[in-house]
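Every number for a ligand or one of its atoms is a count from 1 in the order of the listing.
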Amino acid sequence: MVLTVAVLISGTGSNLRALLDATDDPGFPARVIVIGADREAEGLAHAEAFGIPSFVVPWERFDSREAWGAELDAQLKVWNPDLIVLSGLMRLLPHDVVATWSPNIINTHPAYLPEFPGAHGVRDALAAGVTETGASVIVVDDGVDSGPILAQERVPVLEGDTESSLHERIKPVERRLLIDVVRRIAEGELDLGARPSPN
Ligand code: GAR
């Protein structure tokens, strides 16, 4: 059976694109069935290119994180994916959404967690003056990038690195880790556990 995946983005979706390229191979055990965003993200163009449905739940149209999350949850339930991948979604999910889908929500992060969580993982690593940072794929929990780590790898910080040059070196590592984690989940090699039954 093929694992069905929903991907949520906010930005250019270059990691999403890599996942789409991988899952486009008929031999890959997972399929992206829908792509969602919290804004008219540039990366939604990849959905169109691959003929995959997409939806936007615009953050600014809701009064609260909870109201935004309820609509996001409703959209996700239309598709009922086996797995949700946050691939550059720059919003914290409200508790109810995490509780509904956990542990089948994973997130990519451009740092070696628990180092440098949050929205500016690359910038924070540079500011700290570390000689290496990394990339991580984690299970989403109620905290900020605090869930169980599924895969991670170190990436060196080079002399003269800017936030952008470092991020561009981290992203290919994130992509490789993400694709591998999705494959391992799909093949049953990595068991995230069952979703709690709805009450
Ligand atoms: C990726 O590096 C992802 O890990 C990061 O945003 C980038 C999205 O790039 N996410 C976070 O920092 C979440 N805390 P992309 O839109 O080009 O795939």
For G88, the atoms of ligand 1 under 4.0 Å from one of its heavy atoms are 6 (O), 8 (C), 10 (N)
Interatomic distance, CG@L89 vs CD1@I9, rounded to 0.5 Å, equals 9.0 Å
Original post:
Below 4.0 angstrom, N of the basic side chain to O of the carboxylate: do R184 and D180 qualify?
Top reply: yes
Atom 7 (C) of ligand 1 sits nearest the protein heavy atom H167 NE2, 3.9 Å
Under 4.0 Å from one or more heavy atoms of S14, ligand 1 contributes atoms 15 (P), 16 (O), 17 (O), 18 (O)
shortest atom 13 (C) of ligand 1-to-protein heavy-atom contact is with M90 SD, 3.7 Å
The atoms of ligand 1 lying under 4.0 Å from a heavy atom of H109, numbered in the order shown, are 4 (O), 14 (N)
N107 vs D145, side-chain hydrogen bond (donor to acceptor under 3.5 Å, both in side chains): CA-CA, chis, key distance, verdict | CA-CA 8 Å; N107 184 28; D145 299 320; 3.0 Å; yes
What I want to know is whether T12 and ligand 1 share at least one N or O pair that is separated by under 3.5 angstrom.
yes
One finds that the ligand 1 atoms under 4.0 Å from a non-hydrogen atom of E174 are 1 (C), 2 (O), 3 (C), 4 (O)
Note: ligand 1 atoms sitting under 4.0 Å from heavy atoms of G13 are 15 (P), 16 (O), 17 (O), 18 (O)
One should read off an interatomic distance between L83 CG and I105 CD1, to the nearest 0.5 angstrom, of 9.0 Å
**OP:** Please step through side chain to side chain contact (heavy atoms under 4.5 Å, CB included) for the pair L72 and W59, ending with a clear verdict.
**Re:** CA-CA 10 Å; L72 182 70; W59 170 261; over 6 Å; no
Under 4.0 Å from one or more heavy atoms of G118, ligand 1 contributes atoms 14 (N)
For atom 12 (O) of ligand 1, the closest protein heavy atom turns out to be P110 CD, 3.4 Å
side-chain hydrogen bond (donor to acceptor under 3.5 Å, both in side chains) with S136: of H109, Q152, E115, only one passes, and it is Q152
### Query
Are E153 and R176 close enough for a salt bridge, meaning some N to O gap below 4.0 Å?
yes
Here the gap from S146 atom OG to D141 atom CG, rounded to the nearest 0.5 Å, amounts to 3.5 Å
Closest to atom 18 (O) of ligand 1 among protein heavy atoms sits N15 N, 2.9 Å
